[in-house]
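Below is one structure, written out as structure tokens; the observations come after it.
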Amino acid sequence: MTESERYLRLKELDHAFLWHPFTQMKAWLQDDPIIIAQGEGNFLIDVLGRRFLDGVSSLWCNVHGHRKPELDAAIREQLDRIAHSTMLGLSNVPAIELAEELVAVVPKGLKRVFYSDSGAEAVEVALRMAIQYWQLSGAPQRTLFLTLTESYHGDTIGSVSLGYSEGFHRFVRPLLFPVLKVDPPLIFRLYRGLSHEQALQASLAAAKKVIEDNRERIAALVIEPMVQGAAGMWTHPAEYLRQMAAMAREAGALVIFDEVATGFGRTGRMFACEHAGVTPDFICLGKGITGGYLPLAATVTTENVFAAFLGEVEDFRAFYYGHTYTGNPLAAAVAIANLRLFRKEAILERLAPRIELLGRLLQEEFGGLEHVADIRQCGLMVGIELMQDVERKISYPPREQVGARVARAARKGGVIIRPLGNVVVLMPPLSITEDELEQLVRAVADGVKEVTQSS
Ligand SMILES: *Cc1c(COP(=O)(O)O)cnc(C)c1O
């Protein structure tokens, strides 16, 4: 079979049997999919042999590039021992060793690790632990979660309740529990025209009121620190995070940080909450935890929370929750190797100049473009918001698919990205080189010019 025969065969099978996530399949079925066969460093290689820079880290999870020798070796070595055994009633070597490694890197005070398999589950676990914690601690009326408008915490019913978005989730609305929502600073700044400082004060004042009105009923504040990823890379100042956590705590609530996207170096620090110097009661980890290799997630909490669940077996205070593949040894082994690479290669120290370079490139390439309404960057997380009319704050209508068209145009420059509506997202692996950063930014800028000048 030639390469192109193989491609056509795979395309036929994909179209016959697959249903892709977050995808309007009618459009998919009319299109020629890119079918990935291999990876090499920061590049994806498709079955036709074309190479594409992995501009969004395979949906925000890849850290050190593809086929990183140390990560490959960790899986191979573990495979020679055992691929999987259960955490229910047993323990396993990599799960134990990873817990020690995780506790060493998360903010001090967090020291109990509960594993699951996806970011949504890591959040779900934190919610369930928080709710149970309050019932076990004599405050059963604390059942409300406070979240930010357009936050995203994953796709289980619990995490969708927190991060409800009309366009995506309206069909499950009858199943969702109510939450308290407050607008983050970006809404006040970008859509209501306030300055950075005014937006910070206005968003805090609004949150203060909601917290005061529900003082005794809030179980926890749940927040994506520094960057609300799926909202469209909505950034907020460290001061906002500090104040929100302080207000929640002052009202007696717990604090849950969803670092599924921001964790493991993506913002330039190991965890985004380090920018604000705030330690939560729960940190939810996923995506980059295995370097982007295997599904694994973790919820790390305090001894205080943990202690509330202790009791006699017959008291049924235990946390009755878990999944079959929880603490999977292969995934834990590669996660350990991931953390070792952070140390061995001094990843964070070496990242700083490239974060700066990225900032300069973004200004150079996008700063002067007519339809660029906002350029947001926190570390290697970037959102470039496009508007039809920047001055009058008129968004492009969804049917124009501006973000998706930019992503498609960027392929000509050898780059794969995936947008969030009208926000063009860049989130390369931490291993991206300076030359590759330039390729990425230029290819995307060319795409933006091509699409916005013809719209
Ligand atoms: C991706 C993401 C999740 C969900 O993670 P999955 O592994 O896709 O379930 C949760 N929270 C945030 C902030 C995310 O970006």
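In listed order, ligands and their atoms are each counted from 1.
Checking Asp281 against Thr302 by side-chain atom types alone, no donor-acceptor pair falls below 3.5 Å. Side-chain contact check for His66 and Asn42: no donor-acceptor pair (N or O, by modelled atom type) lies under 3.5 Å.
The immediate protein surroundings of ligand 1, defined as residues with any heavy atom under 4.0 Å of it, consist of Trp60, Ser118, Gly119, Ala120, Tyr152, His153, Gly154, Glu224, Asp258, Val260, Ala261, Lys287.
Sequence neighbours left out, the pairs with a member in residues 109-122 that pass side-chain hydrogen bond (donor to acceptor under 3.5 Å, both in side chains) are Arg112-Glu303.
Remark: Arg51 qualifies as a cation-pi partner of Phe43 under the 6.0 Å distance and 45° angle criteria applied to the six-membered ring.
Gln439 contributes a side-chain N or O that, together with a main-chain N or O of Gly413, makes up a donor-acceptor pair within less than 3.5 Å.
To the nearest 0.5 Å, the span separating SG on Cys378 from CE on Met427 amounts to 10.0 Å.
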